[in-house]
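Just the heavy atoms: all of them, side chains too, but no hydrogens, waters or symmetry mates, feed the values below.
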Amino acid sequence: MVSDLSLWSQVIFIIGEITVIVILGIIFIAFLLVGISLYSIHRGRPYFPRFLKAGMVFLEGVARVIFRIFGLEDREVLSFFIQIQNAINKGPFEAVPVEDRAVFFPQCLRSSRCPAHLTPEGLKCRSCGQCSLGYWRQILEQIGYRVFIVPGSSFIKRMVKKYHPRAIIGVGCLGEVKEGLEMADKIGLIPMGVVTTREGCVETDVNWDDVMEVALLGIDRAKVPEEVRHYLPA
């Protein structure tokens, strides 16, 4: 009986030691993750992006607490997460032919006076000139993209299922883009995210330079309209 108690005490002690080691390991990795992230933010580009991506997936809660200790808000963390994803996906995205790509814009980019009606494939832009979506939609379609203006992620899933793009560009607010990147990863797409410059539900805005810099990755110069060739990488 005494030996049994002694054996259980040893087992409990070993389990306790392993638990402490695991917790310390998680904390160490989380601090390492945050350290690399802070250095990357300071330098303006992500270092060890695959490690950072994996770390943010498995240790996101712990990392956010540590980020807050260092004075970073959730918005900055989300923004950095998107930068990491884009850095990892840039090469594979460039390799996908434009006819296998799609762009998804949120409907909040349109004018409050927009005459477009909602269809099973999202809003059908009339290029009325009341917002910039019409002009850029035409440019992107000339290049070869499928362009969708959608009210939510359910439309994105539906269009992906219907048209089977291999790569997508998602435009939206920070939270929407982060969720969209994660969703695209899960269903085997190569996503790139562009965050709007102003958030809200009506008449938001996006930096079209950022959109075009992503959209023209890997595109043959001959397919690009003259008025937007200056966005091509040098």
Side-chain angles (χ1 to χ4, degrees), residues 37 40-50 52-53 56 75-110 125 127 131-150 156 159-160 165-185 189-199 203-234:
S37 299
S40 298
I41 292 170
H42 175 71
R43 300 291 295 180
R45 70 182 184 87
Y47 288 83
F48 308 106
R50 295 190 182 279
L52 291 176
K53 179 184 176 181
M56 291 297 283
R75 287 185 58 84
E76 294 174 284
V77 177
L78 286 177
S79 179
F80 183 64
F81 178 85
I82 292 167
Q83 290 179 44
I84 292 169
Q85 289 277 66
N86 285 347
I88 292 171
N89 293 336
K90 181 181 176 183
F93 183 87
E94 287 180 316
V96 176
V98 69
E99 57 268 22
D100 292 327
R101 302 182 190 179
V103 184
F104 292 93
F105 292 110
Q107 67 170 354
C108 59
L109 285 173
R110 64 175 173 156
C125 178
S127 299
C131 73
S132 54
L133 268 174
Y135 171 78
W136 291 106
R137 174 188 63 82
Q138 291 177 333
I139 291 291
L140 288 164
E141 287 178 346
Q142 285 181 50
I143 295 169
Y145 278 91
R146 288 189 185 275
V147 180
F148 301 95
I149 304 168
V150 297
I156 296 175
M159 294 305 97
V160 166
R166 291 166 50 201
I168 64 171
I169 301 171
V171 178
C173 66
L174 274 170
E176 289 173 338
V177 171
K178 179 181 180 292
E179 290 175 8
L181 291 172
E182 291 171 348
M183 179 188 75
D185 268 346
L189 297 176
I190 301 168
M192 297 288 283
V194 179
V195 178
T196 52
T197 56
R198 187 172 69 249
E199 296 188 358
E203 293 190 342
T204 57
D205 200 6
V206 67
N207 186 331
W208 290 101
D209 290 356
D210 294 341
V211 174
M212 293 308 299
E213 283 176 11
V214 173
L216 294 180
L217 289 172
I219 300 296
D220 183 353
R221 187 179 185 87
K223 293 184 177 181
V224 180
E226 188 66 39
E227 60 266 38
V228 294
R229 285 187 180 175
H230 60 282
Y231 289 112
L232 286 165

Student: With heavy-atom distances below 4.5 Å as the criterion, would you say the side chains of Val228 and Trp136 are in contact?
Tutor: yes

Student: Any chance you could measure Met192, atom CE, to Ile169, atom CD1, to the nearest 0.5 Å?
Tutor: 7.5 Å

Student: Determine, step by step, whether Ile149 and Arg110 satisfy the side chain to side chain contact (heavy atoms under 4.5 Å, CB included) criterion, reporting the C-alpha distance in whole Å, the side-chain angles of both residues, the deciding distance to 0.1 Å, and the verdict.
Tutor: CA-CA 9 Å; Ile149 304 168; Arg110 64 175 173 156; 5.7 Å; no

Student: Rounded to the nearest 0.5 Å, what separation is found between the CE atom of Met183 and the CD atom of Glu176?
Tutor: 11.0 Å

Student: Could you measure the distance from the CG atom of Leu133 to the CD atom of Gln138? Nearest 0.5 Å is fine.
Tutor: 11.0 Å

Student: Taking only residues two or more places apart in sequence, or in another chain, which ones meet Asp220 in a salt bridge (charged side-chain N to carboxylate O under 4.0 Å, His left out)?
Tutor: none

Student: Answer whether the closest heavy-atom distance between the side chains of Met159 and Phe104 falls below 4.5 Å.
Tutor: yes

Student: Is the shortest heavy-atom distance from the side chain of Pro165 to the side chain of Arg146 under 4.5 Å?
Tutor: no

Student: Where do Leu174 and Glu199 land on the side chain to side chain contact (heavy atoms under 4.5 Å, CB included) test, with the steps shown first?
Tutor: CA-CA 9 Å; Leu174 274 170; Glu199 296 188 358; 4.0 Å; yes

Student: Establish, for the pair Arg101 and Phe93, whether the NZ or CZ atom is under 6.0 angstrom from the six-membered ring centre and no further than 45 degrees off its axis.
Tutor: yes

Student: Only one of Thr204, Val206, Val214, Asp210 passes side-chain contact (heavy atoms from CB on, under 4.5 Å) with Val171; say which it is.
Tutor: Val206

Student: Taking Asn89 for the side chain and Ile190 for the main chain, is one N or O donor matched with an acceptor at less than 3.5 Å?
Tutor: no

Student: For Tyr145, run the side-chain contact (heavy atoms from CB on, under 4.5 Å) check against Asp100, Ile168, Leu140 and tell me which one passes.
Tutor: Leu140

Student: Using only atom types and a distance under 3.5 Å, with no angle test, would you say the side chain of Arg166 pairs donor to acceptor with the backbone of Pro97?
Tutor: no

Student: Report the C-alpha distance between Val177 and Gln85 in whole Å, list the side-chain angles of each, state the deciding distance to 0.1 Å, and finish with yes or no for side chain to side chain contact (heavy atoms under 4.5 Å, CB included).
Tutor: CA-CA 11 Å; Val177 171; Gln85 289 277 66; over 6 Å; no

Student: Where do Ile139 and Met212 land on the side chain to side chain contact (heavy atoms under 4.5 Å, CB included) test, with the steps shown first?
Tutor: CA-CA 10 Å; Ile139 291 291; Met212 293 308 299; 4.0 Å; yes

Student: So how far is it from Thr196 OG1 to Asp205 CG, rounded to the nearest 0.5 Å?
Tutor: 8.5 Å

